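So the structure is just underneath, and the comments pick up after that.
In this text, all values refer to a predicted model and were calculated from it rather than measured experimentally.
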Amino acid sequence: MLQAALAPMDQPTAAKASALPQPVRVRLTAIPVNATAGVERARAASAPHLAGIEREFQAIQHRRQPPRVALAQLRALAGQVSDIVAPHLACAKGCSHCCHLHVSVTEAEAQLIGWEIRRKPRKVKKPTVGPTNYGYHMPCTFLDADGRCSIHQHRPLVCRLLLNVDVDELLCQLIPDALVPMPRYDTHDFQVVLAKLLFDDQVADIRDWFPTR
Ligand code: SF4
């Protein structure tokens, strides 16, 4: 697990790609080079820690413990990976693009976050925020006025694992009716373990669990 690698990327159709702004189109042609260099930087940064991370990753899956305890450990490990590699990636620049996307959180994780931040998550019967209605008009509840995460220590797993291996945040932008592909560090194995731990958990956007007050 945790081979430093580029996650599989969505690609826009030719028609949608031609609608993207020129700087974005130019940058997309540089992804093979930029992303390879980003992954290499992440690999070099994580190399001294990899054996320990791998050991803990396996232990989380094999310890006899309640899924919620394993979830807390998985979150901690994801935070550790993020702390190690993010300073070497585009995410180091402090952009808050991801905080305007759909932020998918399981009920168990919402409760864990709620316990940590002393705020009870709402009961969500029917999620209202989903993959089709997020956007710049709807920032995450926890994004503060300075564009920073106000619960950084307690942020969801998904926020810890979305890491842009490009040279800067140019590709972190939402363009109506267009998909701007962003080269990501491959953290798929974490998602697989999360899905195994909490396979029947309710999933909703963080804004549904914790609406803006
Ligand atoms: S929890 Fe924090 S990092 Fe995650 S989307 Fe919200 S503001 Fe951004």
Side-chain angles (χ1 to χ4, degrees), residues 1-10 39 42-43 45-46 49-86 89 91 98-99 101-132 134 140-143 149-165 182 184-211:
M1 86 100 210
L2 282 184
Q3 311 297 328
L6 182 64
M9 283 179 66
D10 297 326
V39 167
R43 178 175 289 136
S46 58
H49 311 275
L50 215 49
I53 291 171
E54 176 70 41
R55 253 195 321 276
E56 175 61 6
F57 189 72
Q58 294 302 329
I60 289 169
Q61 296 171 74
H62 296 113
R63 281 182 197 123
R64 295 169 70 89
Q65 58 188 357
R68 285 164 197 232
V69 176
L71 170 64
Q73 294 166 356
L74 196 66
R75 282 163 49 80
L77 190 63
Q80 194 184 331
V81 171
S82 177
D83 287 348
I84 292 168
V85 302
L89 304 177
C91 300
C98 302
C99 310
L101 303 180
H102 175 38
V103 183
S104 181
V105 177
T106 63
E107 183 170 12
E109 187 171 24
Q111 284 171 355
L112 188 54
I113 293 168
W115 180 79
E116 290 170 347
I117 65 173
R118 304 287 180 264
R119 177 175 168 183
K120 201 168 182 273
R122 219 176 52 148
K123 282 272 167 231
V124 178
K125 290 208 177 92
K126 195 162 170 228
T128 61
V129 185
T132 55
Y134 59 79
C140 171
T141 311
F142 298 112
L143 188 65
C149 176
S150 60
I151 59 162
H152 183 76
Q153 296 283 354
H154 312 293
R155 70 199 188 285
L157 194 71
V158 67
C159 306
R160 300 168 194 230
L161 296 176
L162 195 53
L163 297 160
N164 179 354
V165 296
M182 187 262 272
R184 288 176 294 116
Y185 190 63
D186 190 356
T187 53
H188 174 76
D189 290 336
F190 275 90
Q191 304 296 353
V192 171
V193 174
L194 179 69
K196 278 190 202 155
L197 286 175
L198 304 167
F199 61 92
D200 58 353
D201 225 26
Q202 161 82 299
V203 177
D205 190 275
I206 194 163
R207 304 164 184 84
D208 276 323
W209 296 118
F210 301 99

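No donor-acceptor pair under 3.5 Å is formed between the side chain of R63 and the backbone N or O of A70. The closest donor-acceptor contact from the side chain of T106 to the backbone of D201 lies at 3.5 Å or more, if one exists at all. Of the possible polar contacts, none joining the T141 side chain to the P211 backbone as a donor-acceptor pair under 3.5 Å is found.
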Step by step, work out the side-chain hydrogen bond (donor to acceptor under 3.5 Å, both in side chains) result for Q73 and Q65.
CA-CA 11 Å; Q73 294 166 356; Q65 58 188 357; 2.7 Å; yes
Can you list the steps and then say if S82 with R155 is a side-chain contact (heavy atoms from CB on, under 4.5 Å)?
CA-CA 12 Å; S82 177; R155 70 199 188 285; 3.4 Å; yes
Go through the steps to decide whether V81 and R160 satisfy the test side-chain contact (heavy atoms from CB on, under 4.5 Å), and finish with yes or no.
CA-CA 8 Å; V81 171; R160 300 168 194 230; over 6 Å; no
Should I113 and R75 be marked as a side-chain contact (heavy atoms from CB on, under 4.5 Å) after you check the CA-CA gap, both sets of side-chain angles, and the distance that decides it?
CA-CA 10 Å; I113 293 168; R75 282 163 49 80; 3.7 Å; yes
Can you check side-chain contact (heavy atoms from CB on, under 4.5 Å) on F190 and L77, steps first, answer last?
CA-CA 9 Å; F190 275 90; L77 190 63; 4.1 Å; yes
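In this structure, R118 is positioned above the aromatic face of W115, its NZ or CZ under 6.0 Å from the six-membered ring centre and within 45° of the axis.
The NE2 atom of H154 sits 9.5 Å away from atom SG of C149, with the distance rounded to the nearest 0.5 Å. Rounding to the nearest 0.5 Å gives a distance of 8.0 Å between CD of Q61 and CG of D189. The CD atom of Q202 lies 9.5 Å from the NZ atom of K123; values are rounded to the nearest 0.5 Å. Here CG of L143 is found 10.5 Å from CD1 of I151. Values are rounded to the nearest 0.5 Å.
Annotation: H188, atom NE2; neighbour count of heavy atoms from other residues, nucleotides and ligands within 6.0 Å does not exceed 12. The local environment of CZ in R55 is sparse, with at most 12 non-hydrogen atoms from other residues, nucleotides or ligands closer than 6.0 Å.
When all heavy atoms of L101 and D205 are compared, the closest pair comes out as O-OD2, 4.2 Å. V193 approaches F57 most closely through the heavy-atom pair CG2-CZ, 3.4 Å. The two residues L198 and A108 make their nearest non-hydrogen contact at CD2-CB, 3.8 Å. Looking at every heavy atom in both residues, L161 comes nearest to A78 through CD2-CB, 3.6 Å. Considering every non-hydrogen atom in both C99 and R207, the closest pair reads O-NH2, 3.5 Å. Residues A204 and W209 approach most closely at O-NE1, 3.3 Å, considering heavy atoms.
At a threshold of 4.5 Å between non-hydrogen side-chain atoms, the residues N164 and L89 do not count as touching. A 4.5 Å side-chain heavy-atom check between Y185 and C91 finds every atom pair outside the cut-off.
Shown here are the side chain to side chain donor-acceptor pair (under 3.5 Å) partners of R119, two or more places apart in sequence or in another chain: there are none.
Ion pair R68/E107 not flagged as a salt bridge, since none of the NZ, NE, NH1 or NH2 atoms sits closer than 4.0 Å to an Asp/Glu carboxylate oxygen.
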